[in-house]
Amino acid sequence: MNWKYIIASVLVAFTSLFAMAQNESNELNCTVEINSQKVPNANKEVFNALKEAVSDYMNTTKWTDAVFANNERIQCKLFFTVATYDDGSGKMTGDLQIQSQRPVYNSSYMTTVINFKDTKVEFEYQSGQSLVFSEVDMESNLTAILNFYAYMIIAMDFDTFSERGGDPYYEKAANVVRLAQSSGETGWKAFEDTKNRSAVLSAFTDKSTSGIREVLYNYHRQGLDQMSVSVDKGRATITKSLETLKAIYDASPMTVCLSMFKDAKLDELVNVYSKANLPEKEKVYETLYPLWPTEQNRLNEIKKEATNN
């Protein structure tokens, strides 16, 4: 028996396993920013501690069973703007901007998937407080908010790569909402307003509006990702995908997913159609204007570009 060969093989196997473990990563690469300018007299250390705690929580929690390589982590950002802060209780109120991106196939371009502002953010946090993850309990309103948006970021990202690929993570987001709704905290109640966290979840899971998930897949995977092969075919698929937005609007004109798509994609759409022919540009304008009439100036950029072609 060649013991040297066996030992060498074992060492190679352990080295390979170690390398694989080193290359495996958690799902999110999340940048966190805290803007506390509205509370100038507060102790800034608590905000620094909050930034570090949230960053650690988002980036080290294992959110799914999926295997991610380090270069596959979802790029995302959380921007907290603190409006009020009570030093005694640690209660903070303000808003939270959530952004995420994913790469476009065979290019260096990163496309925005989420660009959403939650304006009903309230939680308590004390410097040095540990943020504890749980799928079965609501540990705090802060962790519930973070859990919800982590799952939404992952769900929407998966939807851009495969049809209904985000199903398991919308279910996890729904569980967060169910746990939080019994807490009485702001931002979770069904029908409380049209843009709270419950409304966001409903927009992607209710039958009347969940077509937005088809838009995510067709726009990104069948549209943007194909433009490296054929710009015209990729753009034509995007044009067709936008027609689903009109069906969503007809079913539920106030659904938050329409404004979420606008805030993530409108500027990009101007660029996508910058070299399209005039009939295609006009078709897109006519599709989008009834949805977002207050954005006429930005939508006009599509038509203006057409006259300059």
S.K.: Are Val215 and Met254 in one and the same hydrophobic cluster, where Ile, Leu, Val, Met, Phe, Trp and Tyr link if side-chain heavy atoms are under 4.5 Å apart?
M.R.: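 Result: no, two separate clusters.
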S.K.: Please determine whether side-chain contact (heavy atoms from CB on, under 4.5 Å) holds for the pair Leu201 and Phe148, giving the CA-CA distance in whole Å, both sets of side-chain angles, and the decisive distance to 0.1 Å.
M.R.: CA-CA 9 Å; Leu201 177 66; Phe148 176 77; 4.1 Å; yes
S.K.: Begin with the C-alpha distance, continue with both residues' side-chain angles, and end with the deciding distance and a verdict on side-chain hydrogen bond (donor to acceptor under 3.5 Å, both in side chains) for Thr237 and Gln222.
M.R.: CA-CA 7 Å; Thr237 301; Gln222 301 298 325; over 6 Å; no
S.K.: Quick one: NZ on Lys77 to CE on Met58, what's the gap to the nearest 0.5 Å?
M.R.: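 So the NZ of Lys77 and the CE of Met58 are separated by 14.0 Å.
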S.K.: Does any donor atom in the side chain of Lys44 or Ser36 lie under 3.5 Å from an acceptor atom in the other side chain?
M.R.: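 Side chains of Lys44 and Ser36: pair found under 3.5 Å.
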S.K.: Within the 3.5 Å criterion, strictly below it, is a donor on Glu280 or Tyr273 matched to an acceptor on the partner's side chain?
M.R.: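 The answer is no; no qualifying pair exists.
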S.K.: Please tabulate, one pair per line, all N/O donor-acceptor pairs under 3.5 Å involving side-chain atoms of residues 78-87, not counting sequence neighbours.
M.R.:
{"residue": "Thr84", "atom": "OG1", "partner": "Thr93", "partner atom": "OG1", "Å": "2.4"}
{"residue": "Tyr85", "atom": "OH", "partner": "Asp87", "partner atom": "OD1", "Å": "3.3"}
{"residue": "Asp86", "atom": "OD1", "partner": "Gly88", "partner atom": "N", "Å": "3.0"}
{"residue": "Asp86", "atom": "OD1", "partner": "Ser89", "partner atom": "N", "Å": "2.7"}
{"residue": "Asp86", "atom": "OD1", "partner": "Ser89", "partner atom": "OG", "Å": "3.1"}

S.K.: Kindly write out the residues that satisfy side chain to side chain contact (heavy atoms under 4.5 Å, CB included) with Asp267, not counting sequence neighbours, or none if the list is empty.
M.R.: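 Per chain and number, Asp267 pairs via side chain to side chain contact (heavy atoms under 4.5 Å, CB included) with Arg298.
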S.K.: Answer yes when Arg235 and Asp232 have at least one side-chain N-carboxylate O distance shorter than 4.0 Å, and no when they do not.
M.R.: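 Result for this pair is yes, salt bridge flagged.
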S.K.: Got a salt bridge between Glu27 and Lys62, using NZ or NE/NH1/NH2 to carboxylate O under 4.0 Å?
M.R.: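 Answer for the salt bridge query: yes.
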S.K.: Out of Glu171, Lys172, Arg178, which one pairs with Asn175 under the side-chain contact (heavy atoms from CB on, under 4.5 Å) rule?
M.R.: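 It is Arg178, the one option of Glu171, Lys172, Arg178 that forms the side-chain contact (heavy atoms from CB on, under 4.5 Å) with Asn175.
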S.K.: Among Leu50, Thr60, Val32, find the one that has a side-chain contact (heavy atoms from CB on, under 4.5 Å) with Ser55.
M.R.: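 Testing each of Leu50, Thr60, Val32 against Ser55, the sole residue satisfying side-chain contact (heavy atoms from CB on, under 4.5 Å) is Val32.
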S.K.: For the pair Asp263 and Lys117, find out whether any cationic side-chain nitrogen is under 4.0 Å from an anionic carboxylate oxygen.
M.R.: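 So Asp263 does not pair with Lys117 through a salt bridge.
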S.K.: Please say whether the positively charged group of Arg213, taken as NZ for Lys or CZ for Arg, lies over the ring of Phe204, i.e. under 6.0 angstrom from the six-membered ring centre and within 45 degrees of the axis.
M.R.: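 Here Arg213 fails the 6.0 Å and 45° test against Phe204.
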S.K.: Do we see a donor-acceptor contact under 3.5 Å between the side chains of Gln97 and Asp118?
M.R.: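 There is no such pair between these side chains.
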S.K.: Step by step, would you call Asp157 with Ile114 a side-chain contact (heavy atoms from CB on, under 4.5 Å)?
M.R.: CA-CA 9 Å; Asp157 188 82; Ile114 302 176; over 6 Å; no
S.K.: Checking side-chain polar atoms at under 3.5 Å, does Tyr57 have a donor or acceptor matched by the opposite partner on Asn147?
M.R.: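 A pair is found: one side chain offers a donor N or O, the other an acceptor, under 3.5 Å apart.
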S.K.: Check the pair Glu192 / Asn196 against side-chain hydrogen bond (donor to acceptor under 3.5 Å, both in side chains), numbers first and verdict last.
M.R.: CA-CA 7 Å; Glu192 182 181 48; Asn196 73 354; 3.1 Å; yes
S.K.: Is it true that the side chains of Glu301 and Tyr285 contain a donor and an acceptor less than 3.5 Å apart?
M.R.: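 Tyr285 and Glu301 do not have a side-chain donor-acceptor pair below 3.5 Å.
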S.K.: Would you please indicate yes or no on a ring centroid separation below 6.0 angstrom for Tyr169 and Phe158?
M.R.: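 Yes - the distance between ring centres of Phe158 and Tyr169 falls below the 6.0 Å cut-off.
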S.K.: Using distance alone, with no hydrogens and no angle criterion, decide if Thr111 and Gln101 have a side-chain donor and acceptor under 3.5 Å apart.
M.R.: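 Judged by distance alone, the side chains do not pair up.
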S.K.: Can you tell me how far apart CZ (Phe261) and CG (Leu245) are? Round to the nearest 0.5 Å.
M.R.: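 Here the interatomic distance stands at 5.0 Å.
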S.K.: Suppose we screen for side-chain hydrogen bond (donor to acceptor under 3.5 Å, both in side chains). Which residues come up paired with Thr244, at least two apart in sequence or across chains?
M.R.: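 Partners of Thr244 under the side-chain hydrogen bond (donor to acceptor under 3.5 Å, both in side chains) test: none.
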S.K.: Is any side-chain N of the basic residue among Lys262 and Glu295 closer than 4.0 Å to the acidic one's carboxylate O?
M.R.: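 Yes.
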S.K.: In this structure, are over 12 heavy atoms from other groups packed under 6.0 Å from Lys195 atom NZ?
M.R.: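 Open: at most 12 neighbouring heavy atoms sit under 6.0 Å from NZ of Lys195.
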S.K.: Count the heavy atoms of every other residue, nucleotide or ligand shown that sit under 6.0 Å from CE of Met110, and state whether that count exceeds 12.
M.R.: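 Result for CE/Met110: enclosed.
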